[in-house]
Protein chains: 2
Amino acid sequence: MFEAIDRYTETCISLTQEERSVFHSLLVHKSVPKKTVLLRAGDACDFEAFVVKGCARVFFINEAGKEVDLYFPVENWWISDLPSFTSGKPASLNIETIEACELIVISREAKAKLFAEVPKFERMFRLMLQRANEELMNRFISTVAMSAEERYKLFLKKYPELPNRVPQQLIAAYLGISAEFLSKIRSGKHKKED
Amino acid sequence: MFEAIDRYTETCISLTQEERSVFHSLLVHKSVPKKTVLLRAGDACDFEAFVVKGCARVFFINEAGKEVDLYFPVENWWISDLPSFTSGKPASLNIETIEACELIVISREAKAKLFAEVPKFERMFRLMLQRANEELMNRFISTVAMSAEERYKLFLKKYPELPNRVPQQLIAAYLGISAEFLSKIRSGKHKKED
DNA sequence: ATCATTTCTTGAACCAGTTCAATTTTTATG
DNA sequence: CATAAAAATTGAACTGGTTCAAGAAATGAT
């Protein structure tokens with residue numbers, strides 16, 4: 001049940017058998033069907049979850065109603081609205097499953113208890129944040145410094161399997177372009193003919 | 001000498017007198033003039049620094065030579081290229097002072113020693129990353145979901161003192177627009193007249 | 001299988017922001 | 001304070017991407 005998350009923790013810290021038991025005792029396994037809303041912006045986010053199986057979307061909706069996808073969590077990614085989870089304030093992000101998902105969920109209280117009982121986990125969550133930060137910075141930089149076509153090619157290279165799991169309109173919302181323009185990029189019709 | 005950084009640590013963790021001494025013993029105080037290059041992309045980043053006084057820029061240069069400013073660290077911010085600092089790999093970011101700066105610097109070895117001797121600091125650096133992450137996410141979202149004019153107004157609201165410290169062309173590079181267009185936004189000449 | 005719904009494609013008109021080049025304003029330096 | 005250098009402004013032409021509207025293709029429910 002916890003094999004996948006155990007493999008994940010091993011990439012960050014090493015645990016004794018007892019420490020691992022404490023960890024497991026604080027986790028909850030959860031299966032949800034596709035198109036399930038896990039978090040709605042405005043609600044408080046009361047979980048941090050590890051994706052064992054499946055695919056989801058983490059997205060933002062601006063005042064004009066435009067949706068922007070931040071990332072598509074798949075196997076071995078974590079999902080949460082961390083500022084909200086940490087502070088209890090309303091979330092600014094939405095999270096929804098794209099496929100049926102198998103998740104391992106940790107609550108705010110459980111996470112606090114984990115840090116108190118096995119301080120080593122501070123390190124794991126620090127390293128997780130460090131990875132997330134690097135990822136987000138790369139994403140930011142490519143968004144401002146590359147053309148839509150270059151971003152699309154980079155997306156295909158980095159996540160070759162995602163086009164099979166994520167509808168095209170959501171990929172457009174991830175790239176920060178309209179669904180129509182992505183369609184034109186794919187067919188090559190966005191270039192000036194000469 | 002370490003008052004500012006001590007005030008900062010207090011917002012994250014509480015330390016005994018001995019712990020604070022260990023911390024101080026691992027820090028180096030450094031003053032640098034303005035326009036000093038602290039890090040050049042391609043070099044390994046061997047420091048993480050706390051800004052006691054002054055203002056700098058952290059920026060990226062893309063293949064076409066276009067510069068994009070990520071943020072303008074001022075008093076009480078941290079600066080580093082963390083992926084490079086952590087792994088020793090070449091940095092992708094550039095860091096340069098805009099004003100003369102007073103910095104408190106910690107080296108890779110010192111940071112490792114700090115974590116080993118006072119594990120509590122894992123928490124502080126985790127919380128720092130959490131803040132940085134929230135900031136970066138907000139920045140990303142506003143970049144893709146708002147117009148250049150809205151982004152500029154938000155920048156003025158969030159950092160009202162920065163226009164006095166940072167040249168306008170760098171603010172344009174922060175907003176992801178050309179210096180010319182920022183000038184037009186400021187004078188209102190970017191709108192269709194009617 | 002069939003029909004309804006959703007997703008994807010295509011084209012034409014449009015607009016936010018860029019580029020280039022010239023001018024003005026501000027800042028730094030002897 | 002003079003003058004050179006750097007930063008900011010302005011206008012005109014242009015381009016990458018949007019919007020809207022209509023049609024084609026794919027998907028799902030019965």
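Note that the coordinates shown come from a computational prediction; the quantities given were computed from them, not determined experimentally. Residue numbers begin at 1 in each chain, while the letters A, B, ... track the order of the sequences. Hydrogens, waters and symmetry mates play no part in the numbers below; they use all other heavy atoms, side chains included.
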Tell me if the side-chain of K184(A) makes a donor-acceptor pair with the base of dG11(C), cut-off 3.5 Å, by modelled atom types.
yes
Could you give the CD-to-C1' distance, from E149(B) to dG17(C), as a whole number of Å?
13 Å
Verify the distance criterion only: is there a donor paired with an acceptor across the side chains of E96(A) and T36(A) at less than 3.5 Å?
no
Which atoms of nucleotides 22-28 of chain D (N or O only) lie under 3.5 Å from a protein N or O atom, and what are those distances?
none

Can a side chain N or O of R186(B) be found less than 4.0 Å away from OP1 or OP2 on dT9(D)?
yes
With respect to the side chain of P167(A), which nucleotide from dG17(C), dC8(C), dA21(C) is positioned closest?
dC8(C)
Check K35(B), K34(B), R165(B) against E99(B) for a salt bridge (charged side-chain N to carboxylate O under 4.0 Å, His left out) and give me the one that passes.
R165(B)
Which word best sums up how the rings of W77(A) and Y71(A) line up, parallel for under 30°, tilted for 30 to 60°, or perpendicular for over 60°?
parallel
Does Q168(A) have a side-chain nitrogen or oxygen under 4.0 Å from the phosphate oxygens OP1 or OP2 of dT9(C)?
yes
Fit a plane to each ring of Y174(A) and F155(A), take the angle between them on a 0 to 90° scale, and name the class: parallel (under 30°), tilted (30 to 60°) or perpendicular (over 60°).
tilted
Between P90(B) and S84(B), what is the shortest heavy-atom contact and its length?
C-OG, 3.9 Å
Whichever of A148(B) and F181(A) has the more 5' nearest nucleotide on DNA chain C, that residue is F181(A)
